[in-house]
Amino acid sequence: MTYDRSIQAFEAASRVIPGGVDSPVRAFGSVGGTPPFMERGEGAYLFDVDGNRYVDYVQSWGPLIFGHADSDIEKAVIETAKKGLSFGAPTELETALAEEIVSMFEGIDKLRFVSSGTEAVMSAIRLARGATGRDNIIKFKGCYHGHSDALLVQAGSGAVTFGAPSSPGVPADLTKHTLLATYNDIESVTACFRDSEEIACVIIEPVAGNMGLVPAEEEFLTALRKLCDMHGTLLIFDEVMSGFRASLKGAQGLTAVKPDMVTFGKVIGGGMPVGAFAASAAIMSQLSPEGPVYQAGTLSGNPVAMAAGLASLRKLKANPSLYIGLAEKAKKLMRGFQAAADAEEIPLVTEVRGSMFGFFFSERAVKNFEEAQGNDEKAFALFHREMLSRGIYLACSAYETGFISAAMTEEMIDETITAAYASMRVVADS
Ligand SMILES: *Cc1c(COP(=O)(O)O)cnc(C)c1O
C-alpha cells in the first residue's frame, strides 16, 4: 500500500487545521504514521485517497451500524434534503424520531435533540443540576462524556475525590464540582458521597467504550442505583456509544438497572450529527420553555439528520435479530484475535457486547481505567500498523472500541483473522 496522497493531504490539512484533524484521535498520534484520508465508504469498506481499500471496524466511531452509504438511509437523506436543509422551526420528523427512541426505554417519557454527544451530556447535566438544585456530580475515570469543561477531569492529588482539569483552558473552578470515582468499584463511589452530600447526578457509561471496551458489572450497577436512591441523586446512563449498539436497547438491554436520565448520540443520527438527552416527563418538564432550565440549539432536530436517524432506527427495529448476527461476528472476530495472539504467546484479553468489541494487549481482564492503562501500547501500535497495511482499519488507539456493521460478511471476518495471525507474528518478532 502507498499513502502518497494521504501524506500530501495531511501536510496541506496541517497548514490550516491544528494537527491536520478536527478531532484529535484521528491524527494517529498513539499509533504513529500518517492517517489515511478517506474518499468514500461503501458498506463495510472504506476507500482512501490513494485508492487503498479497508474493512472498516471504526464505522465513524460507532454511528454507522448499517455500514457506509446504506441505500435506505441515503434515500431518506436525499429526499429530505431536497425539501430544504434547515428551518429552525418544528418538524414532524423530530416527533417521529423521538417516539422511536422513547418507546424503546422504560422510564423515559421525553427527550430533546441536540447536535452532538457532547451537547447531549452537557445539557443532561445542567438539567440534573437544575432539577435537584445541587451542583456536584460524580463521573468515573476512563469514561468519556464529550469535551465540555466540567467533564474534562482527571484525578486530583492524593486521595481526594474532587477532580482537577485534564486540559488547559478549563478553570479549576469549573471542575471543582466534579467528583471522580473508579469504574466497577462501589467503595470509590461511597467515598464520593462521603465527601459531598449534595450530589446532583452520577454519570456513567454502563458499557464503557472509551477506555477500550470495559462493561460495568451488574452488582456494581445495582449498588450504584441503590446509592443514588439513598442520596436523592439522579443516575445518568451515557449511551451515546452503547445506545442501539450494545443491544437494540443499548446497555439497558443488558442490565436490570434503570437510570433516571439517558444520553444518546452516534447511532441515533445514522451518520449525521445528532445527540439527545432523555428522562421522565417530570424531569424533562424542568427544561425551557416548560421549565426554568435553559437549553437551545439553532440546528437542533435538523430535518436531514432526523431523517437519517429515523431511517436507521426503523431499519433496526424491523430487524431486531440483527444484533444476534452482529454479536456472533464480533465474538468470532475476538476468538480469532485471541487464537492469533495465543499462537505467538502474546498476552491478549478480549470483550464483546453486541456489535461492540475490544481487546487489550494485557495479561489480565480489565475492569477499570487504571487496569486498562496496564496494556502494552507498543504492541497495540505495531499490531494496528500491521493490520492497516493488510487493509484492516481498526481504531487507532488502544482505548477505543471496535464496531461490527450489518454490512460485514463472514468472509470479511475470516480475512481479518488471517491478517491478525500475520500481524501478531510481526508483534512477536519485534
Ligand atoms: C462519543 C461519545 C460522546 C461524545 O459525543 P460527540 O458526538 O463526539 O460529542 C459522549 N459520550 C460517549 C459515551 C461517547 O462515546
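We number each residue from 1, following the sequence as shown. Just follow the structure's listing: the first ligand is 1, and inside any ligand the first atom is 1.
For H147, the heavy-atom gap to ligand 1 stays at 4.0 angstrom or more.
Ring pair F359/F357 is parallel by interplanar angle, where below 30° counts as parallel and above 60° as perpendicular.
Aromatic ring centroids of F369 and F140 lie 6.0 Å or more apart. With ring centers used as reference points, F237 lies 6.0 Å or more from F105.
Polar contact check, G146 against ligand 1: no nitrogen or oxygen pair lies under 3.5 Å apart. On a distance-only criterion, N210 and ligand 1 share at least one N/O pair closer than 3.5 Å. The N/O atoms of D238, backbone and side chain alike, include one that comes under 3.5 Å of an N/O atom in ligand 1.
The protein heavy atom nearest to atom 8 (O) of ligand 1 is T118 OG1, 4.5 Å. Scanning all protein heavy atoms for the shortest distance to atom 3 (C) of ligand 1 gives V240 CG1, 3.7 Å.
Among K266, E400, M241, M122, the residue whose heavy atom lies closest to atom 14 (C) of ligand 1 is K266.
Remark: the S362 side chain and the N375 side chain contain no N/O donor-acceptor pair separated by less than 3.5 Å. A donor-acceptor pair shorter than 3.5 Å can be found between the side chains of S196 and N136.
Counting the atoms of ligand 1 from 1 in the order shown, those under 4.0 Å from a heavy atom of G117 are 4 (C), 5 (O), 6 (P), 7 (O), 9 (O). In the vicinity of S116, heavy-atom distances shorter than 4.0 Å reach the ligand 1 atoms 7 (O), 9 (O).
Around atom NE2 of H147, no more than 12 heavy atoms belonging to other residues, nucleotides or ligands sit under 6.0 Å away.
Side-chain N or O atoms of R245 include none that pairs as donor or acceptor with a backbone N or O of G354 at under 3.5 Å.
With a heavy-atom cut-off of 4.0 Å, E205 touches ligand 1 through its side chain alone.
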